[in-house]
Amino acid sequence: MSVQAPISAFDALLLSDAEALNAAVSHLVRIYQFRDRDRICCYDISVTQCYALEALVERGPSRSQTLANALMLDKSTTTRVVDALVKKGYVVRQADAEDARALSLSVTPAGRALYERINEELVAQQASLIQELDPAVRRASIEVIRRLARAAQDRFVSGVSVGGCEPSCGAQGTWKCE
């Protein structure tokens, strides 16, 4: 039987803050997921297709694997997303500039116009959310969100494990906790 050391006041505050951050981020992400779904789907593309369009606009022509990495999707899912964008005339496949045997994905003028229209709408919504905040608070909030995103990217996406998928309680291979 192991004896755990008491939690220091600093650790207790850190855990309390981490719990509050988790709740706040989870709530914000859910709100934005629904906002994105409701706004973006008005244009007859999915949220994932919009993210792909955004990545291609921001990064320029890309190979499918590069896009898959940017979207954090597997290559087959990315192919389906791109197929839909090609069919709708928003993306084209063409010979890659560096390797004619490979294909590169590029945004069409119609795709760029769609992305810009959606982005302008979303930015206008953000402006209405933050217009009442003091400019210093706005900038500080943006910096905090950027830092959290960078830290999360480094910790959760860039190869650092967030823990296994083992159940935290119950018999091996079951999720039932008693």
Side-chain angles (χ1 to χ4, degrees), residues 7-74 77-78 80-82 84-86 88-92 105-163:
I7 294 178
S8 71
F10 175 81
D11 289 341
L13 182 58
L14 176 64
L15 289 175
S16 175
D17 289 346
E19 187 174 334
L21 175 63
N22 185 61
V25 168
S26 293
H27 185 68
L28 183 64
V29 167
R30 280 192 303 275
I31 290 169
Y32 272 80
Q33 284 175 329
F34 288 114
R35 180 221 48 182
D36 288 352
R37 182 203 64 200
D38 293 344
R39 294 304 315 151
I40 293 168
C41 292
C42 292
Y43 294 99
D44 193 34
I45 66 171
S46 71
V47 172
T48 305
Q49 290 167 1
C50 189
Y51 291 155
L53 207 53
E54 176 183 49
L56 290 171
V57 165
E58 290 178 356
R59 297 167 184 262
S62 301
R63 292 183 185 174
S64 186
Q65 187 60 54
T66 302
L67 180 61
N69 292 343
L71 298 174
M72 294 179 257
L73 297 173
D74 61 48
T77 301
T78 301
R80 286 191 299 277
V81 168
V82 170
L85 290 170
V86 167
K88 293 174 184 184
Y90 299 134
V91 169
V92 293
L105 307 167
S106 297
V107 176
T108 65
R112 184 172 299 279
L114 176 64
Y115 167 74
E116 288 172 2
R117 196 165 53 240
I118 292 169
N119 193 54
E120 286 171 9
E121 224 177 87
L122 296 177
V123 169
Q125 286 182 348
Q126 299 294 33
S128 70
L129 285 176
I130 64 173
Q131 69 185 356
E132 302 296 324
L133 297 175
D134 179 83
V137 171
R138 287 194 307 248
R139 287 187 296 276
S141 299
I142 293 164
E143 182 58 25
V144 166
I145 291 170
R146 283 183 181 144
R147 285 184 185 191
L148 288 170
R150 226 177 358 259
Q153 172 81 25
D154 292 346
R155 176 78 178 145
F156 306 135
V157 178
S158 299
V160 177
S161 174
V162 294

Using side chain to side chain contact (heavy atoms under 4.5 Å, CB included), reason through Val82 and Val86 one step at a time and then give a plain yes or no.
CA-CA 6 Å; Val82 170; Val86 167; 4.0 Å; yes
Which residue pairs pass the side chain to side chain donor-acceptor pair (under 3.5 Å) test when at least one of the two sits in residues 58-73, sequence neighbours left out?
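Counting only pairs at least two positions apart or across chains, the side chain to side chain donor-acceptor pair (under 3.5 Å) contacts touching residues 58-73 are Arg63-Asp96, Gln65-Asn69.
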Determine which pairs satisfy side chain to side chain donor-acceptor pair (under 3.5 Å) with at least one residue from residues 45-56, sequence neighbours left out, and list them in order.
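For residues 45-56, and leaving out neighbouring residues, the side chain to side chain donor-acceptor pair (under 3.5 Å) pairs sorted by first residue read Asp36-Tyr51, Gln49-Lys88.
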Output all residues satisfying side-chain hydrogen bond (donor to acceptor under 3.5 Å, both in side chains) with [X], sequence neighbours left out; order by chain, then residue number.
{"X": "Glu120", "value": "none"}
{"X": "Ser8", "value": "Asp11"}
{"X": "Asn119", "value": "none"}
{"X": "Asp44", "value": "none"}

Run the side-chain donor-acceptor check on residues 122-132: report pairs under 3.5 Å with partners two or more places apart or on a different chain.
unit_1 : atom_1 : unit_2 : atom_2 : d
Gln126 : OE1    : Tyr32  : OH     : 2.7
Gln126 : NE2    : Tyr32  : OH     : 3.2
Ser128 : OG     : Gln125 : O      : 2.7

Can you name the nearest heavy-atom pair linking [X] to [Y], along with the distance?
{"X": "Gly89", "Y": "Ala110", "result": "O-CB, 4.0 Å"}
{"X": "Leu53", "Y": "Tyr90", "result": "CD1-O, 3.9 Å"}
{"X": "Leu71", "Y": "Ala55", "result": "CD2-CB, 4.5 Å"}

Arg150: which residues meet the salt bridge (charged side-chain N to carboxylate O under 4.0 Å, His left out) condition with it, sequence neighbours left out?
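For Arg150 the salt bridge (charged side-chain N to carboxylate O under 4.0 Å, His left out) partners, ignoring immediate neighbours, are Glu143.
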Should Leu105 and Leu85 be marked as a side chain to side chain contact (heavy atoms under 4.5 Å, CB included) after you check the CA-CA gap, both sets of side-chain angles, and the distance that decides it?
CA-CA 10 Å; Leu105 307 167; Leu85 290 170; over 6 Å; no
Kindly write out the residues that satisfy side chain to side chain contact (heavy atoms under 4.5 Å, CB included) with [X], not counting sequence neighbours, or none if the list is empty.
{"X": "Ser16", "value": "none"}
{"X": "Pro135", "value": "Arg138, Arg139"}
{"X": "Ala12", "value": "Ile7"}
{"X": "Asp38", "value": "none"}

Indicate yes or no: at least one non-hydrogen side-chain atom of Val144 is less than 4.5 angstrom from one of Leu148.
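When only atoms from C-beta onward are counted, Leu148 and Val144 do touch, with a gap below 4.5 Å.
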Is there a side-chain contact between Tyr43 and Ile118 (heavy atoms, below 4.5 Å)?
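Tyr43 vs Ile118: side chains touch.
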Rounded to the nearest 0.5 Å, what separates atom CG in Leu28 from atom CD in Gln33?
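The distance works out to 10.0 Å.
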Measure the spacing between CG of Asp17 and CG of Leu13 and express it to the nearest 0.5 Å.
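The CG atom of Leu13 is 4.5 Å from CG of Asp17, to the nearest 0.5 Å.
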